[in-house]
Amino acid sequence: MSRNSSPWDQLLFQPPLCEGWKQNVEGAAYHLGNCILLLGYMGGSGIFGSIYIFSLLATGYICYALWGWLNACGLDIFIWNMLLVMACILQLAHLIYRLHKHTFLEEFDLLYKTLCQPLHVPFEVYKEIVKCCEEKVLSLARDQNYAVEGKTPINRLSLLLSGRVRVSQDGQFLHYVFPYQFLDSPEWESLRPSEEGTFQVTLTAETDCSYITWPRRKLYLLLAKDRYIARLFSAFLGYDISEKLYALNDKLFAKFGLRFDIRLPSLHHVLGPASSEAEAEKELYEWEELAVPHRPMPTFVQTAASAPPPPPSAHPKVPRPDSALLASGSLTRSYPCALFKGRAPLAPTQTPEL
């Protein structure tokens with residue numbers, strides 16, 4: 001090796017060897033700092049993981065600074081470690097500021113854990129949804145109306161957070177709306193963005209309720225801008241409407257002792273308005289006899305396709321909005337028009353696209 005070789009060549013090809021090792025250890029502060037740094041680098045991802053990492057890094061660098069000041073007596077060791085401590089403290093301050101800035105009310109945190117977290121919805125997307133409703137939680141007092149039949153315009157979409165809301169039409173009870181269900185999903189789906197309309201039902205709070213609401217125009221703009229959010233709301237609304245439909249279907253089952261399939265167009269004859277409750281039950285009995293003459297009917301879906309058309313009634317039917325069938329939970333509240341508006345009748349084996 002030549003004498004005029006560079007220091008890097010000497011470091012690589014002729015590394016210095018330790019002539020003697022120190023007999024005493026560096027002190028407790030040095031070893032404690034190493035242990036804390038080891039724990040700090042085991043932190044996870046996310047904002048809380050970052051807070052964990054930088055908290056332990058700052059603590060470890062403080063231990064190094066104490067070791068450089070008390071044991072190693074090196075000013076450069078002390079200064080470098082104090083600079084690293086300051087960098088970690090600034091990063092911690094930034095993370096805590098972000099965490100405080102993105103903190104929602106307790107109701108919004110619970111809403112995210114209930115609806116969005118099971119679907120792995122990103123938190124950034126959820127923030128856009130919450131921002132659209134202005135992060136406000138509204139309230140309904142007991143016996144206060146959220147909407148009045150034929151008067152309240154359909155200009156928003158609301159989600160119930162707590163309490164219970166009663167849905168009725170012409171004074172007849174239809175069903176309840178429970179927490180984390182939409183208050184006006186059928187009305188929302190029944191109108192196009194350019195159309196206007198009013199509620200066909202009355203929604204009354206039976207207990208003290210809280211809910212969030214999205215203005216119609218503002219939500220339409222968000223759905224048009226973000227395709228992922230549009231699909232998310234489509235899934236939420238479709239599931240919500242199907243739950244309400246099957247809740248009404250269960251009421252019919254409890255009334256007549258027979259479970260109907262709400263997808264079949266022939267169900268309209270059974271649920272049509274009758275002049276009296278006795279006449280309606282008589283028509284239902286005649287229709288069952290014609291559909292299954294010799295054997296019990298296992299399910300409505302299996303025999304409705306081969307059943308002959310029901311005979312015409314001897315008495316003309318007079319529409320009555322307050323008929324007994326309506327009181328027992330007939331398919332009102334514009335659910336069919338919201339789901340099947342402008343579509344051909346469904347076949348017995350075809351399911352509606354929610």
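Keep in mind the model is a prediction, meaning the values are calculated, not measured.
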For this session: List the steps and the verdict of side-chain contact (heavy atoms from CB on, under 4.5 Å) for Y228 and V125.
Result: CA-CA 9 Å; Y228 178 80; V125 175; 3.8 Å; yes
[Y] and [X], any side-chain heavy atoms less than 4.5 Å apart:
{"X": "L161", "Y": "E107", "value": "yes"}
{"X": "E206", "Y": "R142", "value": "no"}
{"X": "Y211", "Y": "V177", "value": "no"}
{"X": "L174", "Y": "S168", "value": "no"}
{"X": "E149", "Y": "V201", "value": "no"}
{"X": "F233", "Y": "I129", "value": "yes"}

Any idea which heavy atoms bring [X] and [Y] closest together, and the distance?
{"X": "R156", "Y": "D184", "value": "O-OD2, 3.3 Å"}
{"X": "T204", "Y": "N145", "value": "OG1-OD1, 2.7 Å"}
{"X": "L37", "Y": "G60", "value": "CD2-CA, 4.1 Å"}
{"X": "S185", "Y": "F182", "value": "CB-CB, 3.7 Å"}
{"X": "C63", "Y": "A29", "value": "CB-O, 3.4 Å"}
{"X": "C132", "Y": "P215", "value": "O-CD, 3.9 Å"}

Is it true that [X] and [Y] fall in one hydrophobic cluster, defined by side-chain heavy atoms closer than 4.5 Å?
{"X": "L56", "Y": "F48", "value": "yes"}
{"X": "F123", "Y": "L222", "value": "yes"}
{"X": "L39", "Y": "Y30", "value": "yes"}

Problem set entry | Pair D240 + K244, salt bridge at N-O below 4.0 Å |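 So D240 pairs with K244 through a salt bridge.
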Exercise. Could E128 and K131 be called an ion pair, given the rule that one side-chain N must be under 4.0 Å from one carboxylate O?
Worked result: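 Not counted as a salt bridge, because no side-chain N and carboxylate O are separated by less than 4.0 Å.
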Exercise. Are there more than 12 heavy atoms of other residues, nucleotides or ligands under 6.0 Å from atom OH of Y176?
Worked result: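 It does: Y176 OH has more than 12 such atoms within range.
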Exercise. Should we say atom NZ of K218 is surrounded by more than 12 heavy atoms from elsewhere, each under 6.0 Å from it?
Worked result: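 More than 12 within 6.0 Å, yes.
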For this session: May I have the step-by-step check of side-chain contact (heavy atoms from CB on, under 4.5 Å) for T152 and T198, ending in yes or no?
Result: CA-CA 5 Å; T152 305; T198 57; over 6 Å; no
Looking at residues at least two apart in the chain, or sitting in another chain, which of them share a side chain to side chain donor-acceptor pair (under 3.5 Å) with [X]?
{"X": "S55", "value": "none"}
{"X": "R166", "value": "none"}
{"X": "D208", "value": "none"}
{"X": "T213", "value": "S158"}

Once side chain to side chain contact (heavy atoms under 4.5 Å, CB included) is applied, do any residues pair with [X], and if so which ones, sequence neighbours excluded?
{"X": "S139", "result": "none"}
{"X": "T207", "result": "R164, C209"}
{"X": "T59", "result": "I36"}
{"X": "P118", "result": "none"}

Over 60° means perpendicular and under 30° means parallel, so classify the ring planes of [Y] and [X], tilted if in between.
{"X": "Y61", "Y": "Y64", "value": "tilted"}
{"X": "F199", "Y": "Y146", "value": "perpendicular"}
{"X": "Y112", "Y": "Y126", "value": "tilted"}

Problem set entry | Partner set under salt bridge (charged side-chain N to carboxylate O under 4.0 Å, His left out) for R216, not counting sequence neighbours |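 Result, salt bridge (charged side-chain N to carboxylate O under 4.0 Å, His left out) vs R216: E196.
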Rounded to the nearest 0.5 Å, what's the gap from [atom1] on [X] to [atom2] on [Y]? Could you check?
{"X": "K225", "Y": "L221", "atom1": "NZ", "atom2": "CG", "answer": "8.5 Å"}
{"X": "F54", "Y": "L90", "atom1": "CZ", "atom2": "CG", "answer": "11.0 Å"}
{"X": "Q169", "Y": "T202", "atom1": "CD", "atom2": "OG1", "answer": "8.5 Å"}
{"X": "Q181", "Y": "Y239", "atom1": "CD", "atom2": "OH", "answer": "8.0 Å"}
{"X": "L110", "Y": "L115", "atom1": "CG", "atom2": "CG", "answer": "9.0 Å"}
{"X": "R231", "Y": "I229", "atom1": "CZ", "atom2": "CD1", "answer": "12.5 Å"}

Problem set entry | Counterpart residues, ring-ring contact (aromatic ring centres under 6.0 Å, His included), relative to F108 (two or more places apart) |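 Here no residue qualifies.
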Exercise. Partners of Y220 by ring-ring contact (aromatic ring centres under 6.0 Å, His included), sequence neighbours excluded?
Worked result: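 Per chain and number, Y220 pairs via ring-ring contact (aromatic ring centres under 6.0 Å, His included) with W188.
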Problem set entry | Chi angles and distances behind the side-chain contact (heavy atoms from CB on, under 4.5 Å) call for L183, L159 | CA-CA 6 Å; L183 290 169; L159 180 71; over 6 Å; no
Would you be so kind as to tabulate the donor-acceptor pairs closer than 3.5 Å made by side chains of residues 66-89, with sequence neighbours excluded?
{"from": "W67", "atom 1": "NE1", "to": "E26", "atom 2": "O", "distance (Å)": "3.3"}
{"from": "W67", "atom 1": "NE1", "to": "E26", "atom 2": "OE1", "distance (Å)": "3.2"}
{"from": "N81", "atom 1": "ND2", "to": "I77", "atom 2": "O", "distance (Å)": "2.7"}

For this session: Report the C-alpha distance between I212 and L111 in whole Å, list the side-chain angles of each, state the deciding distance to 0.1 Å, and finish with yes or no for side-chain contact (heavy atoms from CB on, under 4.5 Å).
Result: CA-CA 10 Å; I212 58 175; L111 176 63; 3.6 Å; yes
